[in-house]
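Here the structure comes first, spelled out in structure tokens, and everything after it is commentary.
Remember, it's 1-based here, ligands and their atoms both numbered in the order they're listed.
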Amino acid sequence: MTVPFLDLQASYFEIQDEIESAVLSSLRSGRYIGGPEVEMFEQEFASFVEADHCVSVANGLAAIHLALKALDIGPGDEVIVPSNTFIATWLAVSEVGAVPVPVEPNVDSCNIDPDRIDAAITSRTKAIIPVHLYGQPADLAPILAVARRHGVPVIEDAAQAQGARYHGQPVGAHGDIVAWSFYPGKNLGAAGDAGAVTTNRADLADRIAVLRNYGSRERYVNEVQGYNSRLDPVQASILRVKLRHLRKWNERRARIAGRYSAEITNATITLPHIITGAESAWHLYCIRHPRRDELRRRLAENGVETLVHYPIPPHLQNAYAGMRHARGTFPIAEAMADTLLSLPIGPAMRDDQVDQVIAALAAE
Ligand SMILES: *Cc1c(COP(=O)(O)O)cnc(C)c1O
């Protein structure tokens, strides 16, 4: 039997009737841009993450990009990013013409190391973007403290963290702006691309709402050079249905993670480390192994699908060859790329599938 890495189809069938009736009513409404489905999703998501404002956008990359635009960040500016992240965090910075300045993660948590941020700040630093990688909140208190000391705003990349909490409060408005992706594979995923920002700052919510819609508040009146980056009502209707199931689905992820952490006892495997005060959304469950590729091959032979998040850190991607960060510049990120392995996890994963993963690892 094959254990899929993430079975999106099984999750779909679990709530098929609800989704299909929501999609049909959205199609029949005659509203295909904006309108009540989009507005209601924004309200419901803001309330779920306990933020004052939610502005939906086209995808997660656009959410980070528009957050940077709303803060007037552009050419000549520097933005602090983790050295280990999905490339979108860096791309959003490059897209506004600013320079991504990588900071290494904490070896245990895999999230940006707050103690290394201060040394990376210069007079050109205009924002810090912690990423809540694999669903675990970055250590926000010391990050916000260092940001405040330097008067620099914080944009959280929460693409993987729907439902995560930090010191009891949901990820959603700790920093100045929080960027979300609803890519299908995320904990809350659409049937296509979708994204949003949440914030407690009305001024920033307003700027992003204008930027996403051609820089226009009133039709055919353009205040700024904006973009077309809107959430479709059909996707909003799907997200509204799935949001109602998110808590339960995250609990299932947490249960699987709990079993892995308790029952994987192989001494060569390093389990994920969750910092005090953080509640992970368990988007991914990433172990470490010194001979990762071999382990991955043998798990595949035993029917266990795994993935690597991520095999090449952004600074070693050809896309960033122009920055001339040689191999060895960010050794922690590089070691993570060589040793991390993501095990199957998801709301539709059955107990016997979890058993199979644990048994396959025990045989190592
Ligand atoms: C998925 C993801 C993004 C980008 O989201 P898209 O909706 O695919 O554009 C950004 N950052 C992180 C950490 C992600 O995992």
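For Tyr183, the OH atom counts as loosely surrounded, since its 6.0 Å shell holds 12 or fewer non-hydrogen atoms of other residues, nucleotides or ligands.
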N or O contacts of ligand 1 with protein under 3.5 Å, please list pair by pair.
residue	atom	partner	partner atom	Å
ligand 1	5 (O)	Ser181	OG	3.2
ligand 1	7 (O)	Gly60	N	2.7
ligand 1	7 (O)	Ser181	OG	2.6
ligand 1	9 (O)	Gly60	N	3.3
ligand 1	9 (O)	Leu61	N	2.9
ligand 1	11 (N)	Asp157	OD1	3.3
ligand 1	11 (N)	Asp157	OD2	2.8
ligand 1	15 (O)	Gln160	NE2	2.8
ligand 1	15 (O)	Lys186	NZ	2.7

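For the pair Arg201 and Asp206, the salt-bridge criterion is not met [side-chain N within less than 4.0 Å of a carboxylate O]. The residues Arg207 and Asp72 are annotated as salt-bridged, a charged nitrogen and a carboxylate oxygen being separated by less than 4.0 angstrom.
Checking Glu44, Glu18, Gln43 one by one against Arg240, the side chain to side chain donor-acceptor pair (under 3.5 Å) holds for a single residue, Glu44.
At a cut-off of 3.5 Å, with distance as the only test, no side-chain donor of His315 or Thr329 sits close to an acceptor on the other residue.
A search for ring-ring contact (aromatic ring centres under 6.0 Å, His included) contacts involving Tyr320 returns Trp90, not counting sequence neighbours.
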